[in-house]
Amino acid sequence: MRRIDAIGRLVSPRLLVGALALVLAAGAAHSAATRTDTPKIAVATGAETLFPDAPDGVDATVTGPVSASFRQRQADAGCDKAVWPNVPAACYPD
C-alpha cells in the first residue's frame, strides 16, 4: 500500500497540470518564433514541361542508336552534366 501512495504523490494533479502548462507554453513560444515565409512559386523547367508526370525526373541518357547530329546537340547543351530538373530539352530526342 505504501508503494501506491508513493506513486500517487509523484503523479499528483498539480504536477500533471504544471507539466501540461509547460508543454503548452513551449509550443506557443515555438510557433511564435517560427517564421512563415510566403511559398515560392517554382517555374517549370524545360524537362519538367516535357514530362509533367515524372516528378522524380527522366533520365536523358539515350540507350538506342542516335544520329551524330543528336550526339553533337547533346554535347553542345551539356547534357552529361545536367541534373534534374535543370535538364535542357535538347538532351531528349524529338
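Both backbone and side-chain heavy atoms feed into the values below; hydrogens, waters and symmetry mates do not.
Summarising the geometry, atom SG belonging to C79 is positioned 10.0 Å from atom CZ belonging to R71; distances are rounded to the nearest 0.5 Å. Between the OH atom of Y92 and the CD atom of Q74 there is a distance of 10.0 Å, given to the nearest 0.5 Å.
Heavy-atom minimum distance, A90 versus A77: CB-CB, 3.9 Å.
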